[in-house]
Amino acid sequence: MQPQHKRLLGAAATGLAAAVAAHILRRWRDRRRIRRMTKVELHAHLNGSIRPATLKRLAAERGLDAACLDRKRTLEVCFEIFALIHKCVDSLEIVAVIAREFLEDLRADGCAYVELRTTPRALQGRTEADYVRTVCRVLSEASGITARLLVSVDRSRGPEAAAKTLAEVAQLRRSDATVDRIVVGVDFSGNPTSKHGFDAFEHLFREVRDQWGLGCALHVGETPRSDGDSAKILAFAREKPRRVRFGHALAFSDDELRGCASLIEACPSSNAATLDLARLEDHPRLWCHFHSTGSPPLAICTDDTGVFGCSLAGEYLKVWDAFGPVDLVRVVDDAAAAAFDACCGEAVRRRRAMYNV
Ligand code: IMP
Ligand code: ZN
């Protein structure tokens with residue numbers, strides 16, 4: 001090879017190496033910034049957010065078969081895992097432990113404000129009201145993060161059970177100042193293939209929204225149903241959009257969602273599993289949000305970190321990898337604006353001022 005060719009080749013190799021190094025450095029800086037940035041979590045189920053190590057330990061201590069944890073996360077497998085978790089989380093002391101551990105994990109991920117949701121259960125002679133009181137105490141004692149509670153209505157338990165739970169919560173809100181301050185909304189969740197449609201619960205959500213003045217977070221469009229359930233949920237939300245947020249809302253176009261809810265709670269890992277997506281780039285809501293104009297605001301959430309092996313910072317990184325560069329600060333601001341407690345904005349400002357991210 002001619003000496004001038006050797007020199008040219010050497011210069012090209014040096015240029016390429018510098019470009020690769022700059023790319024790696026930029027990527028490392030972006031990832032560090034996203035890990036540390038101030039975040040808001042609006043869609044996380046308490047029992048689904050159990051630490052995997054805690055779940056494995058509790059299952060082993062109780063001699064329970066945990067083989068479902070090794071299976072691919074289909075909707076069916078997820079609900080098998082919830083059943084296992086519920087067998088393991090069999091006392092209010094353990095409920096308190098998993099709540100504290102999750103708050104710790106969120107804080108480490110840069111979360112300034114969380115709305116945790118959970119279905120009250122009567123455990124070991126204690127009542128559903130005791131469950132709500134326990135969770136509210138733990139959330140009210142959290143430091144370095146502001147935590148609020150959404151009471152979950154599990155559609156598979158049916159409307160009578162939901163009415164009973166909500167009557168107890170209403171009574172508690174009147175008699176316990178901490179519960180009154182911490183409970184900021186009601187969630188509609190549970191196995192979306194359950195026979196019970198939203199119409200059986202609609203009067204309860206109307207009461208929560210209009211009499212209690214609290215927010216409604218409704219799971220909708222996770223999986224197709226043939227009974228017009230989604231249309232009923234969308235119609236309910238359209239009445240007072242600012243009081244309603246949607247979880248997932250995977251099965252709709254932007255046009256169908258317009259004017260319905262203040263925000264969509266997108267849960268990348270959970271949605272990718274339910275939709276069996278090979279790549280997050282194909283996530284319908286995230287794609288519309290980042291590629292089209294006029295798409296409803298969305299929040300990036302975890303759903304069930306213990307089931308999907310994900311984390312809040314990890315979900316932000318996945319979105320960045322699939323759609324970046326995108327404005328994640330705006331995503332956080334949109335989430336803060338749609339929080340059911342206005343104190344979220346202050347929690348976000350405080351953390352941003354303290355950590356400068
Ligand atoms: P818990 O309410 O704290 O016991 O959290 C677990 C429960 O949340 C599950 O049993 C379901 O009822 C509900 N849940 C968690 N993830 C989903 C979801 O993606 N769709 C519907 N319900 C869910
Ligand atoms: Zn959910």
Side-chain angles (χ1 to χ4, degrees), residues 41-51 54-55 58 68 73-92 94-99 101-103 114-123 128 131-132 134-136 138-139 147 149-158 161-162 165 169 183 185-194 196 198 201 216-225 229-230 233 245-251 263-275 285 298-310 312 315:
E41 168 64 279
L42 296 181
H43 188 134
H45 300 265
L46 173 57
N47 282 280
S49 305
I50 188 171
R51 280 185 186 160
T54 303
L55 175 57
L58 294 173
C68 56
R73 300 308 192 245
T74 60
L75 199 63
E76 201 187 350
V77 170
C78 289
F79 278 87
E80 273 178 47
I81 297 176
F82 292 135
L84 171 68
I85 295 172
H86 285 150
K87 278 188 202 152
C88 292
V89 181
D90 54 10
S91 72
L92 293 185
I94 298 175
V95 170
V97 166
I98 63 171
E101 288 182 348
F102 186 51
L103 290 172
V114 53
E115 282 173 17
L116 201 54
R117 56 186 77 191
T118 194
T119 323
R121 289 189 300 143
L123 297 171
E128 288 188 16
Y131 183 107
V132 173
T134 300
V135 177
C136 286
V138 172
L139 300 192
L149 180 67
L150 308 182
V151 176
S152 293
V153 163
D154 178 347
R155 65 156 94 208
S156 66
R157 287 187 185 183
T165 301
V169 173
V183 173
V186 177
D187 156 58
F188 183 56
S189 55
N191 195 325
T193 63
S194 150
H196 299 290
F198 179 70
F201 303 86
C216 300
L218 310 176
H219 282 69
V220 64
E222 287 170 271
T223 194
R225 285 176 69 103
D229 199 50
S230 297
I233 296 177
R245 298 195 312 250
F246 284 158
H248 312 312
L250 299 168
L263 171 127
I264 312 298
E265 302 152 357
C267 306
S269 295
S270 163
N271 299 157
T274 313
L275 295 173
R285 288 261 57 77
L298 62 76
I300 298 172
C301 310
T302 55
D303 210 11
D304 301 285
T305 50
V307 175
F308 299 106
C310 58
L312 187 59
E315 295 300 272

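Atoms within a ligand are numbered from 1 in the order they appear, just like the ligands themselves. All figures in this text were calculated on a predicted structure; none of them were measured in a lab.
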Item to complete: Could you tell me whether any N, O or S atom belonging to His248 is less than 2.8 Å from the Zn ion (ligand 2)?
Response: no
Worksheet item: Short list, please: which atoms of ligand 1 are under 4.0 Å from a heavy atom of Thr118?
Response: 1 (P), 2 (O), 3 (O)
Worksheet item: Which atoms of ligand 1 have any heavy atom of Gly190 under 4.0 Å away?
Response: 12 (O), 21 (C), 22 (N)
Fill in: Ring center gap for Phe79 and Phe82 short of 6.0 angstrom
yes
Discussion item. Salt bridge or not between Arg73 and Asp304? Use side-chain N to carboxylate O under 4.0 Å.
Written reply: no
Worksheet item: Checking only N/O/S atoms, does Asp303 have one that is under 2.8 Å from the Zn ion (ligand 2)?
Response: yes
Practice prompt. Please write down residue, atom name and distance for the protein heavy atom closest to atom 16 (N) of ligand 1.
Written response: Asp304 OD2, 2.8 Å
Worksheet item: Do we see a donor-acceptor contact under 3.5 Å between the side chains of Thr54 and Glu101?
Response: yes
Discussion item. Only heavy atoms of Leu46, strictly under 4.0 Å: list the atoms of ligand 1 that pass.
Written reply: 3 (O)
Response to the item:
Answer key: the N, O or S atom of His45 nearest to the Zn ion (ligand 2) is NE2
Practice prompt. Give the name of the N/O/S atom in His43 that lies closest to the Zn ion (ligand 2).
Written response: NE2
Item to complete: Run through Glu265, Glu315, His43 and flag the one making a side-chain contact (heavy atoms from CB on, under 4.5 Å) with Thr302.
Response: Glu315
Worksheet entry | Residue His86 vicinity, atoms of ligand 1 by number, heavy atom under 4.0 Å | 4 (O), 10 (O)
Worksheet item: What part of Asp303, side chain from CB on, backbone N/CA/C/O, both or neither, has a heavy atom under 4.0 Å from ligand 1?
Response: side chain
Worksheet entry | NZ/NE/NH1/NH2 to OD/OE distance under 4.0 Å, Glu128 and Arg157 | yes
Practice prompt. Give the atoms of ligand 1, by number and element, whose distance to some non-hydrogen atom of His219 is under 4.0 Å.
Written response: 18 (C), 20 (N), 21 (C)
Worksheet item: Between His248 and ligand 1, which residue portion shows a heavy-atom distance shorter than 4.0 Å: side chain, backbone, both, or neither?
Response: side chain
Worksheet item: Just wondering, is there an N, O or S atom on Cys267 that's nearer than 2.8 Å to the Zn ion (ligand 2)?
Response: no
Worksheet item: Looking at Glu222, which atoms of ligand 1 are within less than 4.0 Å of one of its heavy atoms?
Response: 18 (C), 19 (O), 20 (N), 21 (C)
Discussion item. Looking at Glu80, I want to see if its CD is surrounded by more than 12 non-hydrogen atoms of other residues, nucleotides or ligands under 6.0 Å.
Written reply: yes
Worksheet item: Considering only protein heavy atoms, which is closest to atom 8 (O) of ligand 1, and at what distance to one decimal place?
Response: His45 ND1, 3.0 Å
